[in-house]
There are 2 protein chains.
Amino acid sequence: MRKKSEKSKVSLRDVATRAGVSTATVSRVLNKQNYISHSVKTRVEKAIKELDYSPNRVARRLRVRDGERRLLGLLVPDIQNPFYVDVIRGVEDMVFARDYAVYICNFAQNYEKEKTYLNKLQSESIDGLIVAPYHEEDKMVISLVREKFPIVCVDRGLKGVDVDLVVVDNDKGAYNAVNHLIDVGHRRIGYVGGLYSIPTSRKRRDGYVKALVDNGLDVEEDLIKFGDSKHESGMRLTAEFLDMPRPPTALFTGNNVITLGALETIHSRGLAIPTDIAIVGFDDMFWANSLNPPLTAVLQPGYEIGRQAADMLFERLEEPGREPRKIVLNTRLMVRQSCGAGMLKEAEE
Amino acid sequence: MRKKSEKSKVSLRDVATRAGVSTATVSRVLNKQNYISHSVKTRVEKAIKELDYSPNRVARRLRVRDGERRLLGLLVPDIQNPFYVDVIRGVEDMVFARDYAVYICNFAQNYEKEKTYLNKLQSESIDGLIVAPYHEEDKMVISLVREKFPIVCVDRGLKGVDVDLVVVDNDKGAYNAVNHLIDVGHRRIGYVGGLYSIPTSRKRRDGYVKALVDNGLDVEEDLIKFGDSKHESGMRLTAEFLDMPRPPTALFTGNNVITLGALETIHSRGLAIPTDIAIVGFDDMFWANSLNPPLTAVLQPGYEIGRQAADMLFERLEEPGREPRKIVLNTRLMVRQSCGAGMLKEAEE
DNA sequence: GCATTATATGAAATCGATTTTAGAGTTTTA
DNA sequence: TAAAACTCTAAAATCGATTTCATATAATGC
């Protein structure tokens with residue numbers, strides 16, 4: 001009847017008493033260890049069921065050795081960015097399946113906050129960490145890697161250390177996007193990038209440049225701009241492009257936040273996509289199809305990144321000594337209607 | 001030099017030894033308790049600094065009494081929904097400021113998963129929980145509330161129990177939105193709601209109905225549809241509306257996910273907003289301004305909901321006996337361009 | 001059939017903190 | 001000036017699990 005209302009939590013000791021065995025034995029049953037007689041095992045399991053016992057993970061975590069605490073940390077730069085939410089979901093699903101827990105921290109592009117969280121995570125005795133570092137020279141993360149703390153980086157790497165890494169082929173993704181723009185006829189294409197200090201921003205620029213070069217187009221420095229990965233900078237840089245004496249006919253925006261800013265500026269000026277200005281964005285988001293017109297975008301498999309990163313971290317926990325690995329996932333260009341084949345004719349004349 | 005590289009974590013015992021005092025004394029210094037002589041205090045603090053000691057939160061959590069473990073749980077139905085991300089951020093900021101930790105769990109609209117997380121959270125010895133329950137008859141959450149476990153509900157309440165609650169005035173928000181639609185000339189307005197079993201879906205319907213009634217308009221049952229809070233159902237229900245012999249001239253969509261679905265359907269049919277069909281959405285999202293045209297929407301203060309919920313939970317931890325409270329926050333109608341004053345004329349003829 | 005090994009269990013130590021208990025030295029109070 | 005009340009600190013107990021160590025019995029080898 002009122003099983004749950006006996007307030008004080010039942011402990012392993014209670015189970016042991018009930019089953020008439022020692023706590024050590026109960027622990028062995030719990031952890032499926034060898035050398036347990038069938039009769040004792042069923043007796044203990046019965047007691048566990050009767051008492052509705054479930055182990056205290058905190059106590060366990062305190063006792064077990066490194067790497068067996070069943071707690072991971074996940075540190076992301078911006079939880080408002082749906083890309084990282086996908087990563088979170090990927091990690092979460094893997095962790096859930098293994099009965100681990102994951103302590104999700106959002107440092108909101110704030111280096112101080114990242115440091116604080118890093119310390120807190122350690123105080124919580126995490127087994128390992130998945131992180132998209134503030135930037136590639138992130139001192140604290142680098143020093144953790146040097147100390148051999150189990151870390152997997154996602155989205156961005158680290159300078160000067162070898163670390164497990166799951167990224168996307170940013171060059172190729174950008175290349176394909178810009179190539180598509182060129183295919184449909186564009187010759188003047190602007191790149192609106194995120195924060196210069198973040199590797200992905202530069203990689204995507206590289207892909208942009210390569211696509212131009214491979215197609216025999218000139219690379220003009222004033223068609224390349226970097227911002228600060230905030231919505232506002234997407235607006236501002238786009239405005240700068242549109243204000244040029246001879247503005248580009250297409251824009252390649254470096255991440256979803258920037259894309260949103262660009263769209264806002266474009267719409268506010270009453271320009272039509274793709275006829276007045278075409279656009280391809282890095283990051284395919286769940287609202288891309290709801291835009292008017294639907295946005296052509298580079299899909300990053302965020303969920304998969306999260307899954308693979310978690311997997312990689314589990315591997316490292318099992319084999320701390322192994323060499324760091326790097327996984328590069330492919331992007332996919334989701335062609336919708338913001339580039340416009342109609343451009344072709346116009347450009348040909 | 002190589003302070004950090006001495007792998008084994010320094011413990012309170014090490015500090016005690018170094019300072020030449022007992023562990024109890026170090027603990028007292030750490031917790032700013034009375035009866036510590038100045039000299040001992042500074043000695044201990046010096047040792048802490050020299051050893052770069054930081055306390056193990058897991059060990060602490062095991063020992064301290066209920067409500068002092070510095071760990072909260074936060075359980076949301078869908079982390080991909082930016083509204084909940086705002087709530088998360090609000091909670092996170094409060095928790096961060098108090099040196100608590102928060103275990104964020106996403107049950108992804110899955111009742112089984114919610115149950116699993118609820119158990120896990122208890123195993124992790126959380127002090128209290130902030131949750132947007134699966135629905136208002138969520139048995140597990142209700143039984144926790146009955147057991148007097150510290151819980152604050154957000155977004156949705158619970159049936160049959162009195163619980164701390166932070167919600168938004170859904171009726172009024174919906175009322176204002178629909179009223180606006182009527183103001184600009186619409187007479188046939190469809191409501192595309194989320195899951196019927198979620199209180200907010202019905203509250204928003206109520207506001208919709210009241211606005212019609214207050215304006216002397218008929219409430220037609222076939223202009224009210226409920227879906228399942230998934231993108232796809234927003235698409236489908238909107239299609240149903242548009243396929244009616246005499247379709248509505250405006251749609252009021254019940255949440256951001258539904259809104260996105262509705263927009264997708266509208267655009268795919270080549271209809272123009274607001275001239276062919278107008279739309280107001282519940283939930284103002286950061287991309288609303290980037291839509292074409294910018295979306296008129298009901299802003300829910302998600303961040304503030306999170307803050308207040310965390311605050312309320314802290315209060316409850318301090319005073320477990322107090323009566324449950326309910327906070328109702330206001331929404332704000334963000335008028336942009338998806339309703340169109342232009343409608344007025346057409347409707348008048 | 002006896003030494004060895006495998007199986008099965010319990011007692012006690014342990015993880016790293018907080019808290020209780022106890023007691024020594026000081027100050028205040030009556 | 002003796003009792004009471006503070007002030008300060010240490011030793012030991014504690015939180016709830018896992019792990020080590022010890023030991024008893026059963027199975028196996030030769």
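Protein chains get the first letters and strands the later ones, always in sequence-line order, with residue 1 at the start of each.
Axis angle between the ends of the helix from dG1(C)-dC30(D) to dA30(C)-dT1(D), five pairs each and rounded to 10 degrees, works out to 40°.
Rounding to the nearest 0.5 Å gives a distance of 13.5 Å between CZ of Arg316(A) and CG of Asp311(A).
At distances below 3.5 Å, not a single donor-acceptor pair connects side-chain atoms of Thr25(A) with backbone N or O atoms of Val21(A).
Residue-level contact check: Val21(A) touches the backbone only, with heavy atoms under 4.0 Å from sugar-phosphate atoms and none from bases. Using a 4.0 Å heavy-atom distance criterion, Asn31(A) is classed as a sugar-phosphate-only contact. Residue contacts for Arg57(B): at a heavy-atom cut-off of 4.0 Å it reaches no nucleic acid atom on any strand shown. Among the atoms of the strands shown, base atoms are found under 4.0 Å from some heavy atom of Arg28(B). The residue Val40(B) sits close only to the backbone: its heavy atoms come under 4.0 Å of sugar-phosphate atoms, none of a base. The residue Ser27(A) sits close to a base: some heavy atom pair falls under 4.0 Å.
Taking a cutoff of 4.0 Å between a charged side-chain nitrogen and a carboxylate oxygen, Asp162(B) and Lys326(B) do not qualify as a salt bridge. Salt-bridge check for Glu68(B) with Arg61(B): failed, with every basic side-chain N at 4.0 Å or more from each acidic carboxylate O. Taking a cutoff of 4.0 Å between a charged side-chain nitrogen and a carboxylate oxygen, Arg322(B) and Asp164(B) qualify as a salt bridge. By the 4.0 Å N-to-carboxylate-O rule, Glu124(A) lies too far from Arg69(A) to be salt-bridged with it.
Judged by the 6.0 Å distance and 45° axis criteria, Arg28(A) is not positioned over the aromatic ring of Tyr35(A).
Think of the region where chain B sits on DNA chain C: with heavy atoms and a 4.0 Å cut, that region ends 5' and 3' at dG16(C) to dT20(C).
Ser37(B) has a side-chain polar atom (N or O) that falls below the 4.0 Å cut-off from OP1 or OP2 of dT9(D).
As a whole-Å value, the separation of Arg65(A) CZ from dT19(D) C1' is 9 Å.
No more than 12 heavy atoms of other residues, nucleotides or ligands shown are found within 6.0 angstrom of NZ on Lys41(A).
Residue Tyr35(B) has its side chain nearest to dT7(D) when only dT18(D), dT20(D), dT7(D) are considered.
Residues Tyr134(B) and Asn110(B) bring no donor and acceptor atom of their side chains to less than 3.5 Å of each other.
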